[in-house]
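The structure presented is a predicted model; accordingly, all values stated were derived computationally and were not measured.
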Amino acid sequence: MKKAVAFITMMAWFALLGYRASEDTAHYPYQTRIEVSDTGNGNWIHIAHRGASGYAPENTLAAFAKADEMGADMLELDVQRSSDGQLVVIHDMTVDRTSNGKGKVGNMTLSELRRLDVGSWYSADFKDEVIPTLQEVLMRFGERTGLLIELKSPEFYPGIEQDLVACLQLHSQLHAVDRHSSLIPPVIVQSANADSLQRLHKLMPEIPLGIVITSSSQLSKLRMNEVCTYADYVNISMRLVSRGLIQKIHQSGMKSFIWTIRDMHQIPYLLHMKADGIITDYPDRVPVL
């Protein structure tokens, strides 16, 4: 009975929306989320994609602060390495798209990267935003909320796994605020590179890891019985989701986050598929379970 009432409540929330959720950055009219006590799905985690990137420039302190304010369970962020060995938070291999500069991240020093404006491309209101270091994010948010750290193209940064472990060990006091679930990890590390994840598992086996699945070809090569020896999550693109795949992941003892959700009408489907959580640009639009 409790599950039925909760499901009806959740569906009523979506009916109240009354229209297809926009993918732009316009103000969302329903800022108050419905608290859904139990969907029968277990521990649903909602994760802010590169911070609240629907409201602020991605992978900036402004985006992370906005997501934290909106009550995201975890912040997703991308990590690469500067030419002088510093871990920096940026998605693309180059700075061209999200800054006023040009060039490869790995060819620039931290000082050079920090001189870039990474906010104005999004809005003049964010012209003072700079590329943060991973250490800055850990210090500011590591004791407030969970962090989903993605190693971006680690094959181009030999030894980046050791660098990440050293950085995390400096922040061994990390603990996530228990917003909605006692099982939200303080840190998860994910990557599309299975070799990198296996190296990380050997270096720091206590950190939960997730493999990122970006294509059907990658999925067809995935052997769950191998992946579960080093990973705890199989995180997949929305276009690849099926009940059979989620069941297969769960049967292997792992969980799955789905990315990147911008249309909130997809959430009932993902709940029905029993996904363990979503990664979204709009963390304030997600019902709290």
Novice: Is Glu69 salt-bridged to Arg144, going by a charged N under 4.0 Å from an acidic O?
Specialist: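 Result for this pair is no, no salt bridge flagged.
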
Novice: To the nearest 0.5 Å, what is the distance between OG1 (Thr145) and CZ (Arg140)?
Specialist: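 These two atoms lie 13.0 Å from each other.
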
Novice: Give a yes or no on whether the backbone of Ile90 and the side-chain of Gln80 come within a donor-acceptor separation of less than 3.5 Å.
Specialist: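 Flag set: sc Gln80 to bb Ile90 pair under 3.5 Å.
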
Novice: I'd like to know if Leu164 and Leu110 are part of one continuous hydrophobic network [Ile/Leu/Val/Met/Phe/Trp/Tyr, side-chain heavy atoms within less than 4.5 Å].
Specialist: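 Same cluster.
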
Novice: Which pair of non-hydrogen atoms, one from Gly103 and one from Asp96, has the smallest distance, and what is that distance?
Specialist: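 Scanning both residues completely, I find the closest heavy atoms to be N-OD1, 3.0 Å.
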
Novice: Report whether Leu209 and Leu219 are members of the same hydrophobic cluster (ILVMFWY, side-chain heavy atoms less than 4.5 Å apart, transitive linking).
Specialist: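 Yes, it is one cluster - the side chains of Leu209 and Leu219 are joined through contacts under 4.5 Å.
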
Novice: Can a donor-acceptor pair be found between the side chains of Thr133 and Gln86 at a distance below 3.5 Å?
Specialist: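 Thr133 vs Gln86: no donor-acceptor pair found between side chains.
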
Novice: Could you tell me if the side chain of Leu87 sits less than 4.5 Å from the side chain of Ile160, heavy atoms only?
Specialist: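 Side-chain contact under 4.5 Å: yes.
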
Novice: For His91 and Lys152: C-alpha separation, side-chain torsions, deciding distance, then whether side-chain hydrogen bond (donor to acceptor under 3.5 Å, both in side chains) applies.
Specialist: CA-CA 7 Å; His91 177 271; Lys152 210 70 186 174; 3.2 Å; yes

Novice: With side-chain contact (heavy atoms from CB on, under 4.5 Å) as the test, would you mind laying out the steps for Ser237 and Trp259 before giving the verdict?
Specialist: CA-CA 5 Å; Ser237 167; Trp259 53 272; 3.7 Å; yes

Novice: Salt-bridged, Asp78 to Arg50, with N to O below 4.0 Å?
Specialist: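 Looking at Asp78 and Arg50, the cut-off is met.
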
Novice: When you measure from the side chain of Ser256 to the backbone N and O of Asp276, does any donor-acceptor pair fall under 3.5 Å?
Specialist: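 The answer is no, because no donor-acceptor pair under 3.5 Å joins these two groups.
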
Novice: Taking atom NZ of Lys255 and atom CG of Asn235, what is their separation to the nearest 0.5 Å?
Specialist: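 Result: 11.5 Å between the selected atoms.
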
Novice: Report yes or no: do Tyr230 and Leu200 belong to one cluster of Ile/Leu/Val/Met/Phe/Trp/Tyr joined by side chain heavy-atom distances under 4.5 Å?
Specialist: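 Yes, one cluster joins them.
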
Novice: Between Asn100 (side chain) and Asp117 (backbone), is there a donor-acceptor pair under 3.5 Å?
Specialist: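 Checking the backbone N and O of Asp117 against the side chain of Asn100, a donor-acceptor pair under 3.5 Å is found.
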
Novice: Side-chain heavy atoms under 4.5 angstrom apart, residues restricted to Ile, Leu, Val, Met, Phe, Trp, Tyr: same cluster for Leu271 and Met238?
Specialist: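 Yes, Leu271 and Met238 fall within the same hydrophobic cluster.
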
Novice: So does Phe126 get a backbone contact from the side chain of Ser123, meaning a donor-acceptor N/O pair under 3.5 Å?
Specialist: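 No.
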
Novice: Hey, what do you get for CD (Gln190) to CD (Glu76), rounding to the nearest 0.5 Å?
Specialist: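 Answer for the CD-CD pair, Gln190 versus Glu76, is 5.5 Å.
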
Novice: Between Met74 and Ile188, is there a side-chain heavy-atom distance shorter than 4.5 Å?
Specialist: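 Side chain of Ile188 against side chain of Met74, heavy atoms only: contact under 4.5 Å found.
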
Novice: Please examine the side chains of Leu151 and Asn193, heavy atoms only from C-beta on, and report whether any two atoms are closer than 4.5 Å.
Specialist: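 No, too far: nothing below the 4.5 Å cut-off.
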
Novice: Does Thr98 reach the main-chain N or O of Val118 with its side chain, forming a donor-acceptor pair under 3.5 Å?
Specialist: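 Such a contact is absent between Thr98 side chain and Val118 backbone.
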
Novice: Identify the two heavy atoms, one from Asn107 and one from Ser83, that lie closest to each other, and give their separation to 0.1 Å.
Specialist: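 Heavy-atom minimum between the residues: C-CB, 3.9 Å.
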
Novice: Heavy-atom distance under 4.5 Å between the side chains of Ile261 and Tyr282, does that happen here?
Specialist: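 No, too far: nothing below the 4.5 Å cut-off.
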
Novice: Tell me the closest heavy-atom pair linking Pro208 and Tyr233, and the distance in Å.
Specialist: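 Here Pro208 and Tyr233 meet closest at CB-CE1, 4.1 Å.
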
Novice: Side-chain contact test, heavy atoms from C-beta onward, threshold under 4.5 Å: evaluate it for Asp284 versus Tyr55 and give yes or no.
Specialist: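 SC-SC contact between Asp284 and Tyr55 confirmed.
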
Novice: Go through the steps for Phe257 and Ile236 under the test side-chain contact (heavy atoms from CB on, under 4.5 Å), then give the verdict.
Specialist: CA-CA 7 Å; Phe257 297 148; Ile236 58 179; over 6 Å; no

Novice: Taking all non-hydrogen atoms of both residues, which atom of Ala52 and which atom of Met70 are closest, and how far apart?
Specialist: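 The pair with the smallest heavy-atom distance is CB-SD, 4.3 Å.
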
Novice: Are Ile258 and Leu240 close enough, and set up right, to give a side-chain contact (heavy atoms from CB on, under 4.5 Å), and what steps lead you there?
Specialist: CA-CA 9 Å; Ile258 312 304; Leu240 300 176; over 6 Å; no

Novice: Please report the C-alpha distance between Met93 and Ser153 in whole Å, then the side-chain angles of each, then the deciding distance to 0.1 Å, and finally whether the side-chain contact (heavy atoms from CB on, under 4.5 Å) criterion is met.
Specialist: CA-CA 8 Å; Met93 293 290 290; Ser153 304; 3.6 Å; yes

Novice: Under 3.5 Å, is there a donor-acceptor pair between the Ser53 and Asp281 side chains?
Specialist: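 The answer is yes; a qualifying pair exists.
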
Novice: Between Arg239 and Thr214, is there a donor-acceptor pair closer than 3.5 Å when you use the side chain of the first and the backbone of the second?
Specialist: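 Pair found, side chain donor or acceptor close to backbone of Thr214.
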
Novice: Does Arg97 come within less than 4.0 Å of Asp92, counting only side-chain N to carboxylate O?
Specialist: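 Yes, Arg97 and Asp92 are salt-bridged.
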
Novice: Treat each ILVMFWY residue as a node, draw an edge where side-chain heavy atoms are under 4.5 Å apart, and state whether Met254 and Leu222 are in one component.
Specialist: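 Yes, same cluster.
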
Novice: Nearest 0.5 angstrom please: Arg285 CZ to Asp263 CG, how far?
Specialist: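 So the gap between those two atoms works out to 9.5 Å.
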
Novice: Does one side chain, of Tyr157 or Asp163, offer a donor that lies under 3.5 Å from an acceptor on the other?
Specialist: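 No pair is found: no donor N or O on one side chain lies under 3.5 Å from an acceptor on the other.
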
Novice: Taking Arg114 for its side chain and Ile131 for its backbone only, find out whether a donor-acceptor pair lies under 3.5 Å.
Specialist: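 Indeed, once roles are kept as given, a pair shorter than 3.5 Å links the two residues.
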
Novice: Check Ser196 against Glu161 and note the closest heavy-atom contact, atom names and distance.
Specialist: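 It is OG-OE2, 2.6 Å.
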
Novice: Looking at Glu226 and Lys221, does any basic side-chain N land under 4.0 Å from a carboxylate oxygen?
Specialist: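 Salt bridge flag = no for Lys221 with Glu226.
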
Novice: Rounded to the nearest 0.5 Å, what separation is found between the NE2 atom of His49 and the CG atom of Leu148?
Specialist: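 It comes to 9.5 Å.
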
Novice: Could you check whether atom CE of Met139 has more than 12 heavy atoms from other residues, nucleotides or ligands sitting under 6.0 Å from it?
Specialist: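 Result for CE/Met139: open.
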
Novice: State whether the side chain of Arg81 and the backbone N or O of Pro158 hold a donor-acceptor pair below 3.5 Å, judged by distance alone.
Specialist: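 Side chain of Arg81 to backbone of Pro158, a donor-acceptor pair under 3.5 Å: yes, one is there.
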
Novice: Rounded to the nearest 0.5 Å, how far does CG of Leu197 lie from CD1 of Ile207?
Specialist: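 If I round to the nearest 0.5 Å, the distance is 12.5 Å.
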
Novice: With a 4.5 Å heavy-atom cut-off, do Arg199 and Gln162 have their side chains touching?
Specialist: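 No, side chains not in contact.
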
Novice: Any donor-acceptor pair under 3.5 Å linking the side-chain atoms of Thr109 with those of Ser111?
Specialist: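 Judged by distance alone, the side chains do not pair up.
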
Novice: Which pair of heavy atoms, one from Ser82 and one from Val88, lies closest together, and at what distance?
Specialist: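 Residues Ser82 and Val88, closest heavy atoms: N-CG2, 4.3 Å.
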
Novice: Is any side-chain heavy atom of Leu245 closer than 4.5 Å to one of Met224?
Specialist: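 Yes - at least one pair of side-chain heavy atoms lies under 4.5 Å apart.
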
Novice: Between Ser191 and Val189, is there a side-chain heavy-atom distance shorter than 4.5 Å?
Specialist: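 Of all side-chain heavy-atom pairs linking Ser191 with Val189, none is under 4.5 Å.
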
